[in-house]
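Structure first, commentary second.
Remember, it's 1-based here, ligands and their atoms both numbered in the order they're listed.
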Amino acid sequence: MTVRAPAGYAAIVTAAGRGTRAGGEPKQWRDLAGRSVLARSLDAFAGFGRVVLVVHPDDMARALRDFAGGVTIVTGGDTRAASVMAGLEALQGQATHVLIHDGARPLVSDAVIRGVIDALQVGAPAAAPALPVTDALWRGGDNTVTATAPRDGLFRAQTPQGFALDQISKAHRLHPDNAADDVELALKAGIPVAITPGSEDNLKITFPADFARAERILGAAMDIRLGNGYDVHAFGPGDHVWLCGVRIAHEAGLVGHSDADVGMHALTDAIYGALAEGDIGRHFPPSDPQWKGADSAIFLRHAADLARERGFTFGNADVTLICEAPKIGPHAQAMQARLAQIMHVDPARISVKATTSERLGFTGRREGIAAIATAALMKA
Ligand SMILES: Nc1ccn([C@@H]2O[C@H](COP(=O)(O)OP(=O)(O)OP(=O)(O)O)[C@@H](O)[C@H]2O)c(=O)n1
Ligand SMILES: C[C@](O)(CO)[C@H](O)COP(=O)(O)O
């Protein structure tokens with residue numbers, strides 16, 4: 001579920017920082033359990049009529065590649081406040097209220113966003129989520145406690161922070177200094193700010209260890225699906241077989257309604273299985289003449305697209321071909337690459353391997369080829 005924002009509400013997602021404390025590639029562009037931190041942060045605002053994404057000039061190309069269409073993308077400044085100002089300028093005359101969110105807070109919940117909107121809707125001029133400080137507070141230096149400090153009335157600030165657009169724009173213009181957040185500027189401008197419920201999960205990715213923490217939180221809420229697939233095709237007349245999208249010369253062909261790619265069929269069924277969507281026959285009935293001789297890539301692509309449409313990413317897939325011949329080893333890498341290409345996933349997440357059945361059974365008697373496959377899908 002995404003929050004349906006009232007008419008006139010817009011969001012600004014700030015993502016122009018360099019993430020120096022987290023190190024490496026700017027944190028908002030890094031992967032978090034299969035999707036970028038920023039994609040997750042933006043998703044939370046999909047129900048807003050207008051969203052402005054503020055990025056660093058160096059990131060404009062990838063921002064346009066990943067997010068063009070759904071959001072307005074502008075370049076930010078050297079400080080967070082300057083980046084917010086760039087977002088506010090892009091919204092002038094386009095909204096009545098704005099929620100300003102850190103692109104580095106990918107786990108913000110609908111409840112936190114709704115809390116801010118509800119406070120504004122009942123008349124608060126500004127509202128922002130926060131958590132009361134619960135730990136005792138000390139002052140210290142040189143690894144030594146020098147004093148204690150009262151924690152009463154202290155809160156840890158979070159985002160999104162919500163305002164009337166004209167008021168927060170004016171506050172930014174009046175105080176163009178680098179405040180820690182927009183609430184600080186609102187207070188300087190005399191705007192009272194209501195505190196709404198924050199959430200421990202709404203962490204800001206700041207230090208390297210925050211990625212592992214965010215992954216743990218996502219893991220606890222992760223929808224993980226496993227599916228298996230099994231298929232068999234008999235040998236018949238022919239001089240080649242199609243296996244996992246690769247044509248291999250062979251003394252016989254495989255008999256089937258489509259191209260009889262037994263490996264791809266098992267994998268396709270594994271994905272349908274993970275989605276509880278039946279099997280290939282349900283989506284591409286063998287009674288339908290249009291699938292006669294069809295390239296099985298059509299089936300695999302359909303299953304992979306269906307998984308993505310439902311919000312899943314691929315953890316991995318593993319295919320085992322069971323036959324005495326042809327030899328699979330020399331082709332395994334090409335098969336892995338072809339499956340990955342069809343499914344739009346990293347080849348490192350796809351495995352293709354083979355075994356004989358020690359001359360036992362129908363595969364052992366070289367009457368056909370069997371394949372089993374497993375697919376793991378994840379949604380957080
Ligand atoms: N010039 C800046 C600085 C920060 N931000 C954004 O403001 C949010 C919160 O800032 P912070 O965590 O301090 O991010 P960075 O400035 O990137 O981190 P660091 O201070 O470690 O470099 C982030 O989403 C960040 O991308 C921004 O849009 N423009
Ligand atoms: C708005 C904010 O998230 C408040 O917690 C802010 O971005 C904090 O940034 P900081 O640079 O880590 O203080």
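A salt bridge between R62 and D59 is present, with a side-chain N of the basic residue lying under 4.0 Å from a carboxylate O of the acidic one. Using a 4.0 Å cut-off between charged side-chain N and carboxylate O, R225 and E277 make no salt bridge. Using a 4.0 Å cut-off between charged side-chain N and carboxylate O, K27 and D210 make no salt bridge.
A cation-pi contact links R30 to F211, judged by a cut-off of 6.0 Å to the six-membered ring centre and 45° from its axis.
In terms of polar-atom proximity, defined here as any N/O pair under 3.5 Å, I205 makes no such contact with ligand 1. The shortest N/O to N/O separation between A22 and ligand 1 does not fall below 3.5 Å. Of the N or O atoms in D78, one or more lie within a sub-3.5 Å distance of an N or O in ligand 1. Polar contact check, G103 against ligand 1: a nitrogen or oxygen pair lies under 3.5 Å apart.
Ligand 1 lies out of reach of G76, whose nearest heavy atom is not under 4.0 Å from it. Within the 4.0 Å heavy-atom cutoff, T79 counts among the residues contacting ligand 1. By the 4.0 Å heavy-atom criterion, H56 is excluded from the residues contacting ligand 1.
For N228, the CG atom sits in a loose shell: 12 or fewer heavy atoms of surrounding residues, nucleotides or ligands are nearer than 6.0 Å. Enclosure of atom NZ in K379 by more than 12 non-hydrogen atoms of other residues, nucleotides or ligands within 6.0 angstrom is indicated. Heavy atoms of other residues, nucleotides or ligands lying less than 6.0 angstrom from CZ of R359 number 12 at most.
If you check the side chains of D288 and H257, you find no donor sitting under 3.5 Å from an acceptor.
Scanning G17, S41, P26 for the heavy atom closest to atom 16 (O) of ligand 1 points to G17.
Using a 4.0 Å cut-off between heavy atoms, K204 contacts ligand 1 through its side chain alone, with no backbone atom that close. Within the 4.0 Å heavy-atom criterion, both parts of A104, backbone and side chain, lie near ligand 1. For R18, every heavy-atom contact with ligand 1 shorter than 4.0 Å involves the backbone, none the side chain. Residue-level proximity to ligand 1 for R105 is absent, since no heavy atom of it falls below 4.0 angstrom. If you look at T20 next to ligand 1, the close heavy atoms, those under 4.0 Å, come from the backbone and the side chain alike.
Each of the atoms 26 (O), 28 (O) of ligand 1 lies under 4.0 Å from some heavy atom of A15. Proximity to S83 (heavy-atom distance under 4.0 Å) selects the following atoms of ligand 1: 1 (N), 2 (C), 27 (C), 28 (O), 29 (N).
A distance-only check finds a donor-acceptor pair linking the side chain of T144 to the backbone of D142 [under 3.5 Å]. In terms of modelled atom types and a separation under 3.5 Å, the side chain of S83 and the main chain of G77 share a donor-acceptor contact.
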